[in-house]
2 protein chains.
Amino acid sequence: MSELTVRSKVWLEVDGEPFLGDGRYRLLRAVERGGSISAAARELGISYRKAWAQLAAMEAHAPFPLLERRTGGKAGGATVLTDETLRLLAAFGTLREAVNHDADRHFAHCFTGESTR
Amino acid sequence: MSELTVRSKVWLEVDGEPFLGDGRYRLLRAVERGGSISAAARELGISYRKAWAQLAAMEAHAPFPLLERRTGGKAGGATVLTDETLRLLAAFGTLREAVNHDADRHFAHCFTGESTR
DNA sequence: ATTTCGTTATGCAAAATCAGCACAACGAAA
DNA sequence: TTTCGTTGTGCTGATTTTGCATAACGAAAT
């Protein structure tokens, strides 16, 4: 028996360039939790190189500063999210959930059953 | 001034493998119109190789026959969609539009303005 | 002052993926 | 029997992704 499921994705673009999607959302949340890029990379099981590249690509198109980085210190360094980034993540988080939810709902309507609400 | 926009994507999976998304949807519609894979590839401006690979990947997971191919003949050959494929495309087409529309609506709600309806 | 430490940042090469050219096989119609 | 534009596929070069290795950093600890 083959299982048919629906999946959806939402992302934001700035001037037509990818800006914030699911992967970067999770990465930024991990940075928020861990207090550094490398901690976030470890948590997500990706290389620091990759995490750094994603953030750099994002910042290249960001209309405001995303991160505050500090290097050095006994702890090596740290990076924290700006308030604007936190607000952005909050808004995107609800958008993301709403769209995923609607996708499931419409899928049920168009494919399996009928009722939409 | 940087322009912030939302984009969204919906696709179907069979047993966790990508099955039908936007690209394959358009490709199948082009096959329907042109009556052959190569005509579809020409219409979409992609190589026959690429179009063929997409259809092959899709058929590998399809729970029913997607295409009926005929090779040979003065016209070279042809491929047409099965009735099941046509029904699938119809359902996916409405799903796709509904989700994209909702994404725009939620974006307006979460980011720029307020009213959702 | 000097050392220490785990960060940030980046060059570079290997690996994996993608794109597309080239060509064989096909077989109904002419 | 010939002809034609398909379908199907091998292969190669280009492109993207991945990750190893290492430099730079600088506040805190000594």
Side-chain angles (χ1 to χ4, degrees), chain A residues 9 11 13 16-62 64-82 85, chain B residues 9 11 13 16-62 64-82 85:
Chain A
K9 215 180 237 189
W11 70 97
E13 294 189 348
E17 288 296 312
F19 175 58
L20 176 60
D22 206 62
R24 293 175 184 179
Y25 174 83
R26 285 201 300 268
L27 176 57
L28 287 170
R29 285 298 192 197
V31 170
E32 181 187 10
R33 278 191 296 275
S36 76
I37 299 175
S38 61
R42 278 194 303 273
E43 177 187 328
L44 298 181
I46 63 177
S47 66
Y48 172 84
R49 189 71 173 82
K50 186 173 177 179
W52 178 85
Q54 283 189 40
L55 295 175
M58 194 178 172
E59 285 184 302
H61 300 285
F64 54 83
L66 290 180
L67 304 170
E68 275 172 25
R69 307 147 126 101
R70 280 196 336 267
T71 169
K74 187 67 173 183
T79 105
V80 296
L81 310 188
T82 64
T85 302
Chain B
K9 216 180 234 189
W11 70 97
E13 294 188 349
E17 288 298 310
F19 175 58
L20 176 60
D22 205 62
R24 293 176 184 179
Y25 174 84
R26 285 200 301 267
L27 175 56
L28 287 170
R29 285 298 191 199
V31 170
E32 180 187 11
R33 279 190 296 273
S36 76
I37 299 176
S38 62
R42 278 195 302 273
E43 177 188 329
L44 299 180
I46 64 177
S47 67
Y48 172 84
R49 190 71 174 80
K50 185 173 178 178
W52 178 87
Q54 282 190 42
L55 295 175
M58 193 176 173
E59 285 185 301
H61 300 285
F64 53 83
L66 289 180
L67 304 169
E68 276 172 25
R69 306 146 127 101
R70 281 195 337 266
T71 168
K74 187 67 174 181
T79 103
V80 296
L81 309 189
T82 64
T85 302

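Letters A, B, ... mirror the listed sequences (proteins, then strands); counts begin at 1.
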>> Without decimals, in angstroms, what is the distance between B:E68 CD and D:dT7 P?
In response: 14 Å
> Stepwise, does the side-chain contact (heavy atoms from CB on, under 4.5 Å) test hold for A:L55 with A:L66?
Replying inline: CA-CA 9 Å; A:L55 295 175; A:L66 290 180; 5.9 Å; no
> Is A:S38 reaching over with its side chain to a backbone N or O of A:Y48, donor-acceptor style, under 3.5 angstrom?
Replying inline: no
> When the distance from CZ of A:R69 to C1' of D:dG26 is rounded to whole Å, what number comes out?
Replying inline: 16 Å
>> Looking at every non-hydrogen atom in both residues, tell me the closest pair between B:P18 and B:R24 and how far apart they are.
In response: O-NH1, 3.4 Å
>> For a side-chain contact (heavy atoms from CB on, under 4.5 Å) check, start with the C-alpha distance between A:I37 and A:R69, then their side-chain angles and the critical distance, and finish with the verdict.
In response: CA-CA 9 Å; A:I37 299 175; A:R69 307 147 126 101; 4.0 Å; yes
>> Tell me the closest heavy-atom pair linking A:A39 and A:G34, and the distance in Å.
In response: CB-O, 3.9 Å
> Do side-chain atoms of B:T79 reach the backbone of B:L67 as a donor and acceptor pair under 3.5 angstrom?
Replying inline: no
> Looking only at side-chain N and O atoms, does B:W52 come under 4.0 Å of OP1 or OP2 in D:dT7?
Replying inline: no
Kindly give the atom pairs (protein nitrogen or oxygen, nucleotide nitrogen or oxygen) under 3.5 Å for nucleotides 16-25 of chain C.
residue, atom, partner, partner atom, Å
C:dA19, OP1, B:K50, NZ, 3.3

>> Test side-chain contact (heavy atoms from CB on, under 4.5 Å) on A:M58 and A:L28; report intermediate values, then the result.
In response: CA-CA 11 Å; A:M58 194 178 172; A:L28 287 170; 3.7 Å; yes
> Would you say A:R70 has more than 12 foreign heavy atoms packed within less than 6.0 Å of its CZ?
Replying inline: no
>> So which atom in B:T82 and which in B:P65 form the shortest heavy-atom distance, rounded to 0.1 Å?
In response: OG1-O, 3.0 Å
All N/O pairs under 3.5 Å across the protein-nucleotides 1-5 of chain C interface:
residue, atom, partner, partner atom, Å
C:dC5, O2, A:G73, O, 3.3

> Rounded to whole angstrom units, what separation is found between the CZ atom of B:R70 and the C1' atom of D:dG8?
Replying inline: 17 Å
>> Using a 4.0 Å cut-off on heavy atoms, which residues in residues 27-42 of chain A reach DNA chain D? List them by number, or say none.
In response: none
> Considering every strand shown, what is the Watson-Crick or G-U wobble mate of C:dA30 when both distances are under 3.5 Å?
Replying inline: D:dT1
> Between A:S36 and A:A78, which heavy-atom pair has the shortest distance, and what is it?
Replying inline: CB-CA, 4.5 Å
>> Could you report the tightest heavy-atom contact between B:W11 and B:E13, atom names first, then the distance?
In response: NE1-OE2, 3.0 Å
